[in-house]
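All remarks here apply to the structure that follows.
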Number of protein chains: 2
Amino acid sequence: MAAKILIVEDEPAISEMIEVALVRANFEVIKAEDAEEAMRLLGDTQPALVLLDWMLPGASGMEFARRIKKEELTSHIPIIMLTAKGGESDKINGLDAGADDYITKPFSPRELIARIKAVLRRTSPQVADETIEVDGLVLDTASHRIMVNDESLELGPTEYRLLHFFMTHPERVYSRSQLLDRVWGSNVYVEERTVDVHIRRLRKALTPSGHERYVQTVRSAGYRFSTRV
Amino acid sequence: MAAKILIVEDEPAISEMIEVALVRANFEVIKAEDAEEAMRLLGDTQPALVLLDWMLPGASGMEFARRIKKEELTSHIPIIMLTAKGGESDKINGLDAGADDYITKPFSPRELIARIKAVLRRTSPQVADETIEVDGLVLDTASHRIMVNDESLELGPTEYRLLHFFMTHPERVYSRSQLLDRVWGSNVYVEERTVDVHIRRLRKALTPSGHERYVQTVRSAGYRFSTRV
DNA sequence: CCGCCATGTCATATGGCTGTAACAATTGTT
DNA sequence: AACAATTGTTACAGCCATATGACATGGCGG
């Protein structure tokens, strides 16, 4: 299996208990004690799933889940919430910001593993698609690389993310602010015009192979990635 | 989908939670924190639906709903009320004020999306759908594009909006001033005759495929989009 | 510590879009 | 038929959105 699981839990006792259970089930475990540390580890380690304690010091679990789900970079990562049982659960239902499942404490390791596997099974089909191809333009998420006619194409990180977003969401217009939310991340403040510049850089990189024609401007609406020209 | 939803909610946490859910469902989100701001945004942005918190600072949600439904320009916009859980009386009051549906907190994102789609389907079947088709003329709101016989058709922004409005409101006459309100937006001042010019431009674009015959002049009344010629 | 790379912002260029006015054409009325 | 009212059509000037190149900054590795 070797799938990485990120545990976000401030209580060491619980976190360790979970770790033992997961290691026995052959998962790889990464631990964070608060939302900030978790956020940092998210980008670095690209876990397959996040186990998130509802009660965290500082930013709440909900806040953290919201951040994960809002950003294109991490929104595909499933979240399982760990909640204390009680009247709180109502609130969770209402304020759920995108958790894929919940487990109320106390829970058995067996149940935890079962839930994790269930969620991974449910979401894995998306993860399985490691490469996307459009007319000779190949984006390989595994190697984090773009190929055109067996030639590797150099892209800056932002342009890579932009192209990745476009290729996974083709035939659809996105406004500059939508692109900022989904490619840059929601809690970033940048000028909308910045999108133009990165579109330009992306087009420049795609021009030698002629693929820049797929990156289309939709005046007064935004940009679109479309194979129809 | 690309339909715009106006959220009127003073509590940032809730409003943001809703935003995340809607963005994930590919809606475009506009937010207002009070009735006044909402009223201003209503005219400018012409949202497809309003999500309205029952409890608002200042003017109550109910009063705001009344205002929306009272004015010619906005009365067609459906409203979904967000209410703290309560008795039947709230429901009755809400529906009485003109709400098309209501949801009691706490609610799940899934339920919210489902209700929104249901209301949109009910009130304007065409908005909820990704594409509208009339006799080979296809308007795809997701990609913001017009297709005729697999050929993409070039339209300026205003002509696109005009055609979109017509295709979602066929078989009915609209005066120039109504068109200005609904297509241009309420607080813009332009000459009524400007409509003629854009009608002309739209017809010109539709002529090669013969679809210009659907854009019909109704003398001394306005224009109509009709499939009956 | 230096230099390179990535990024975001600004200034400017460019081209398309828009509204308006003027004139032509059509329709309706007497 | 003459006239009035309404609509069609075209040209154009200003404006606005986008494209593009240049630059300052800051991070990171050497």
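It should be emphasised that the depicted structure is a prediction, and the values quoted were computed from it without experimental measurement. Sequence lines set the chain letters: A, B, ... in the order given, protein chains first and strands last, and positions in each chain run from 1. These values consider heavy atoms only, across backbone and side chains, with no hydrogens, waters or symmetry-generated copies.
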Checklist entry - To the nearest 0.5 Å, how far apart are CE in B:Met167 and CZ in B:Phe225? => result 5.0 Å

Checklist entry - Within a radius of less than 6.0 Å around CZ of B:Arg182, do more than 12 heavy atoms belonging to other residues, nucleotides or ligands occur? => result yes

Next on the checklist: Pick the closest DNA chain D nucleotide for A:Gly222 and for B:Ile199 by heavy atoms, then say which residue is nearer the 5' end.
Outcome noted: B:Ile199

Checklist entry - Do the ring planes of B:Trp184 and B:His198 sit parallel (below 30°), tilted (30 to 60°) or perpendicular (above 60°)? => result perpendicular

Checklist entry - Should the pair A:Phe165 and A:Tyr174 be assigned to parallel (<30°), tilted (30 to 60°) or perpendicular (>60°) ring geometry? => result perpendicular

Checklist entry - Considering all heavy atoms of both residues, which atom of A:Arg193 and which atom of A:Arg176 are nearest to each other, and what is their separation? => result NH1-NE, 3.8 Å

Checklist entry - What string of B, S and - do you get for nucleotides 3-11 of chain C, 5' to 3', if B is base contact, S is sugar-phosphate-only contact and - is no contact with any protein heavy atom under 4.0 Å? => result ---SBBBB-

Item to check | A:Glu9 and A:Lys31 ion-paired at < 4.0 Å | outcome: no

Checklist outcome for this item: Rounded to whole Å, CG of B:Leu202 lies from P of C:dT18 at a distance of 12 Å

Checklist entry - With sugar-phosphate meaning primed atoms plus P, OP1 and OP2, does B:Val218 contact a base, only sugar-phosphate, or nothing at under 4.0 Å between heavy atoms? => result sugar-phosphate

Next on the checklist: What I want to find out is whether B:Asp140 reaches A:Arg172 closely enough, with some N-O distance under 4.0 Å, to be called a salt bridge.
Outcome noted: no

Next on the checklist: Going 5' to 3' along DNA chain D, between which two nucleotides do contacts with chain B fall, using a heavy-atom cut-off of 4.0 Å?
Outcome noted: D:dA5 to D:dA11

Checklist entry - If you measure from the Lys or Arg side-chain nitrogens to the Asp or Glu carboxylate oxygens, is any gap between A:Asp196 and A:Arg203 under 4.0 Å? => result no

Checklist entry - How would you label the contact of A:Tyr223 with the nucleic acid (heavy atoms, under 4.0 Å): base, sugar-phosphate, or nothing? => result sugar-phosphate

